[in-house]
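These values consider heavy atoms only, across backbone and side chains, with no hydrogens, waters or symmetry-generated copies. Chain naming here is simple, since letters A, B, ... match the order of the sequence lines and numbering starts at 1 in each.
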Number of protein chains: 2
Amino acid sequence: MSLPTLRDVAAMAGVHPATASRALNPGTRSLISARTADRVLRAAEQLGYQPNAVARSLRTSRSSSIGVVVPDLTNPLFPPIVRGIEDALAPHGYVLLIVNTDNDPAHEDRLIASLRSRSVDGLILATARLGHPLLRVPDAGGLPVVLANRRTEGLPFPSVTADDASGIHAAVAHLVGLGHRRIAHIAGPQDTSTGLGRLRAFRSAMHEHGVPVDGALIRRTSAWLEDEGARALSDLLDGGTEFSAVFAGNDMLALGCYDVLAERGLRCPDDLSIVGFNDMPLVDKLQPGLTTVRIPHYDIGWEAGRLMLEQLTRGEQQAKAVLMPVSLSVRHSTGPPPGDSAPPLRDTAAAPYAVEPQVQSFE
Amino acid sequence: MSLPTLRDVAAMAGVHPATASRALNPGTRSLISARTADRVLRAAEQLGYQPNAVARSLRTSRSSSIGVVVPDLTNPLFPPIVRGIEDALAPHGYVLLIVNTDNDPAHEDRLIASLRSRSVDGLILATARLGHPLLRVPDAGGLPVVLANRRTEGLPFPSVTADDASGIHAAVAHLVGLGHRRIAHIAGPQDTSTGLGRLRAFRSAMHEHGVPVDGALIRRTSAWLEDEGARALSDLLDGGTEFSAVFAGNDMLALGCYDVLAERGLRCPDDLSIVGFNDMPLVDKLQPGLTTVRIPHYDIGWEAGRLMLEQLTRGEQQAKAVLMPVSLSVRHSTGPPPGDSAPPLRDTAAAPYAVEPQVQSFE
DNA sequence: CTGAAAGCGCTAACAG
DNA sequence: CTGTTAGCGCTTTCAG
């Protein structure tokens with residue numbers, strides 16, 4: 001006893017399957033007399049009829065499903081984005097096919113092919129890797145595409161990203177306002193749109209604040225990982241160039257900085273201020289709480305879902321780039337630079353401190 | 001110019017579509033002469049042929065997709081589970097349809113119906129709500145089902161869960177070993193299998209250690225949320241029954257405890273030891289690091305995926321219950337009970353402390 | 001307004 | 001070993 005089909009419903013209602021189909025589909029119901037429509041609906045109800053989405057899909061070549069491509073769902077960035085996408089699309093009958101690429105372009109291509117073969121109606125890409133701009137346009141084969149949390153310059157895809165530049169501007173303003181002038185940046189991988197963009201934005205924010213950017217205070221990491229952040233900060237501290245604050249490209253990198261400070265017995269923010277990016281869950285609970293740029297991940301997902309719907313309903317493919325507003329969550333990992341508000345110990349032993357640059361106190 | 005179909009491949013190879021189909025399918029390739037198979041493969045390659053999964057699905061009534069039902073992907077518990085499921089199934093060509101129920105049974109039923117209509121080949125349920133045992137068997141309609149992170153007693157579904165009881169046994173052993181005798185439990189919602197099970201396990205672990213369970217030291221929360229944990233601990237502290245340690249039903253509840261301690265100026269573990277459950281990301285970075293029961297979420301997902309594969313390949317539906325081993329991550333939120341190892345301050349002012357029961361210091 | 005007929009792309013049963 | 005045939009369940013012409 002398998003599931004009831006449209007034929008069963010039609011038979012019970014005493015009509016032709018085509019009629020039953022028309023009655024069941026809101027779009028075509030108006031073509032049917034109210035009485036027969038009613039009979040069909042009743043029969044469907046009684047049999048517990050559920051249209052077979054696969055058959056419908058084969059016929060209409062639409063599947064009411066959207067492929068969502070993320071690097072790794074386990075990265076706390078993505079669940080809220082995915083959830084936002086789902087909440088935007090589910091009310092319209094869409095279901096999500098979520099795949100993880102692990103940042104492997106070849107794997108990504110395979111997965112996208114697999115999604116296409118399942119006739120997804122659209123693709124939302126939240127993968128961040130750039131790569132060669134022309135080679136790495138994923139082959140969507142004319143499918144509607146929306147980029148979430150990613151922008152590939154010069155590609156005709158609508159995108160939703162956080163306004164990273166504004167966030168970084170605010171972060172730098174905050175640090176400069178506290179008195180910092182020597183600000184280091186631990187930049188993420190430069191083959192990701194976010195890593196590259198944030199470094200650029202950092203440079204421009206510094207310029208706008210009239211603070212010189214010292215190339216010796218910039219480190220690029222090969223991954224967005226805690227270890228990499230730790231390595232970068234160690235390197236900076238050992239580099240001999242003084243600095244009183246670090247702006248990390250994301251919270252994981254900032255966490256790595258915390259580790260180094262703990263290892264070396266340095267205090268945050270007394271010895272060094274740290275700013276992160278993303279406002280990951282629980283970073284407010286750290287000791288000290290991490291000052292970080294809060295990104296509306298859920299909203300980014302939701303907006304990406306809306307953009308997808310727009311393309312799906314009207315057929316338009318406007319490459320509009322939506323920038324979602326961000327905010328700075330100021331917590332206790334940032335404070336005035338050392339010396340600025342004369343901390344007790346140094347007050348009494350001011351000489352060595354004044355003579356030696358800040359970085360000395362880190363070694 | 002739409003995508004190439006099997007007909008196109010067959011035409012190019014000069015064979016009948018059925019032959020092409022057999023050549024392309026590893027399972028039936030042996031029925032075909034090597035030469036023609038080769039010709040077909042070559043043609044497919046050249047055309048960039050991708051089998052249409054929808055058509056195949058309609059024909060075979062298998063879809064190579066598995067429905068995964070979770071309460072909320074945004075809860076850090078679930079991404080690793082989902083990832084584990086995916087890693088087990090993806091190599092076998094399966095794709096995941098992930099839906100969030102938000103713990104709404106009606107919504108869950110609708111989603112499962114929607115998954116069924118998409119002919120998923122199986123269902124992995126990671127939703128934890130119990131409800132009436134008979135009413136709340138989701139109507140899988142004969143579909144293979146695996147329960148992940150959930151066990152519904154008396155239902156014929158295979159399940160993969162963490163060995164919560166062992167973990168709780170270890171946690172209680174740890175506390176008792178430190179000298180605690182008055183141990184409170186903040187239990188999660190009792191309409192979830194985990195909430196109920198952990199409370200039971202707590203009781204039994206206490207008995208096994210010969211420590212009396214005081215009903216006044218047990219609080220049930222209505223959700224697995226930080227606020228609820230905070231409320232519960234406040235309530236315990238105000239309850240007038242002394243205790244020196246709290247075992248929280250999960251890490252979120254434990255976080256709520258941290259909040260209360262901070263508010264009241266109490267120190268952990270000097271005034272109160274806290275143990276959590278789950279080992280969520282970053283709880284090791286808290287100050288003090290949270291001692292908690294580490295659950296192998298990824299492995300649970302992976303195992304659930306394996307169990308699903310077993311059902312899919314052999315047709316068996318053994319209701320075996322797999323228990324995954326857990327471990328205790330001991331960190332600094334647990335220590336000897338106050339008074340036990342005479343902390344410095346109290347050493348000098350022993351009298352008031354010795355006179356007043358521990359709970360006094362909490363108020 | 002409703003019925004008849006065709007076909008989406010594929011695979012499985014049956015012939016040859 | 002390969003071709004023929006049929007049909008999965010649905011929607012959409014086209015007739016009536």
Side-chain angles (χ1 to χ4, degrees), chain A residues 1-41 43-44 47-65 93 114 116-121, chain B residues 1-41 43-44 47-65 93 114 116-121:
Chain A
M1 53 136 284
S2 61
L3 295 175
T5 77
L6 191 56
R7 302 177 77 88
D8 302 325
V9 175
M12 172 173 274
V15 297
H16 192 270
T19 306
S21 169
R22 287 187 275 249
L24 258 8
N25 275 58
T28 48
R29 178 147 42 238
S30 51
L31 303 174
I32 299 288
S33 84
R35 275 191 57 257
T36 49
D38 200 54
R39 229 157 358 110
V40 172
L41 271 304
L47 293 173
Y49 170 72
Q50 281 290 120
N52 180 320
V54 176
R56 171 179 290 169
S57 187
L58 181 57
R59 182 62 234 254
T60 62
S61 63
R62 278 170 294 108
S63 63
S64 292
S65 68
S114 149
R116 277 226 276 162
S117 86
R118 289 181 156 80
S119 329
V120 292
D121 296 342
Chain B
M1 52 135 283
S2 59
L3 296 175
T5 77
L6 191 58
R7 305 177 75 87
D8 301 324
V9 176
M12 172 173 273
V15 297
H16 191 273
T19 306
S21 169
R22 288 187 274 249
L24 259 6
N25 274 59
T28 49
R29 177 144 47 236
S30 51
L31 304 174
I32 299 289
S33 84
R35 275 191 57 256
T36 50
D38 201 54
R39 230 160 354 114
V40 172
L41 271 305
L47 292 173
Y49 169 72
Q50 281 290 121
N52 180 321
V54 175
R56 171 179 290 169
S57 187
L58 180 58
R59 183 61 236 255
T60 62
S61 62
R62 277 170 294 109
S63 63
S64 291
S65 67
S114 149
R116 277 226 277 163
S117 87
R118 289 182 157 80
S119 326
V120 292
D121 296 341

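- In this structure, A:Gln50 atom CD and D:dC10 atom P are separated by 11 Å, rounded to whole Å.
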Under 3.5 Å donor-acceptor pairs involving side-chain atoms of residues 13-30 of chain B, not counting sequence neighbours:
{"unit_1": "B:His16", "atom_1": "ND1", "unit_2": "B:Ala18", "atom_2": "N", "d": "3.0"}
{"unit_1": "B:Thr28", "atom_1": "OG1", "unit_2": "B:Arg22", "atom_2": "O", "d": "3.0"}
{"unit_1": "B:Thr28", "atom_1": "OG1", "unit_2": "B:Asn25", "atom_2": "O", "d": "3.2"}
{"unit_1": "B:Arg29", "atom_1": "NH1", "unit_2": "B:Ala23", "atom_2": "O", "d": "2.5"}

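- The side chain to side chain contact (heavy atoms under 4.5 Å, CB included) check on B:Arg62 picks up B:Thr60, B:Asp121, with sequence neighbours excluded.
- The CZ atom of A:Arg7 sits 11 Å away from the C1' atom of D:dC8 (whole-angstrom rounding).
- Inter-residue side-chain proximity for B:Leu3 and B:Gln50 is flagged as unmet; no heavy-atom pair is nearer than 4.5 Å.
- A search for side chain to side chain donor-acceptor pair (under 3.5 Å) contacts involving B:Thr36 returns B:Ser33, not counting sequence neighbours.
- The nucleotide range of DNA chain C contacted by chain B, defined by atoms under 4.0 angstrom from heavy atoms of the protein and reported 5' to 3', is C:dG9 to C:dA13.
- Between A:Val54 and B:Leu58, the closest heavy-atom pair is CG1-N, 3.5 Å.
- Using a 4.5 Å cut-off on side-chain heavy atoms (C-beta onward), A:Leu6 and A:Tyr49 make contact.
- The backbone N or O of B:Ser57 sits nowhere less than 3.5 Å from a side-chain atom of B:Ser63 that would complete a donor-acceptor pair.
- Of the residues in residues 56-65 of chain B, those with a non-hydrogen atom less than 4.0 angstrom from any atom of DNA chain D are B:Leu58, B:Arg59.
- Counting non-hydrogen atoms under 4.0 angstrom, B:Val15 reaches the backbone sugars and phosphates but no base.
- For DNA chain C, the neighbouring residues in residues 34-41 of chain A, judged by any heavy atom under 4.0 Å, are A:Thr36.
- When the C1' atoms of four end pairs are superposed on the next four at each end of the helix from C:dC1-D:dG16 to C:dG16-D:dC1, using five pairs per end, the two resulting axes differ in direction by 40°, to 10°.
- Taken residue by residue, residues 21-32 of chain B places heavy atoms nearer than 4.0 Å to DNA chain C at B:Ser21, B:Arg22, B:Asn25.
- Contact between the side-chain N/O atoms of A:Tyr49 and the OP1/OP2 oxygens of D:dG9 is not found at any separation under 4.0 Å.
- A heavy-atom distance below 4.5 Å is not found between the side chains of B:Thr5 and B:Asn52.
- B:Ser114 meets the side chain to side chain donor-acceptor pair (under 3.5 Å) test with B:Arg118; sequence neighbours excluded.
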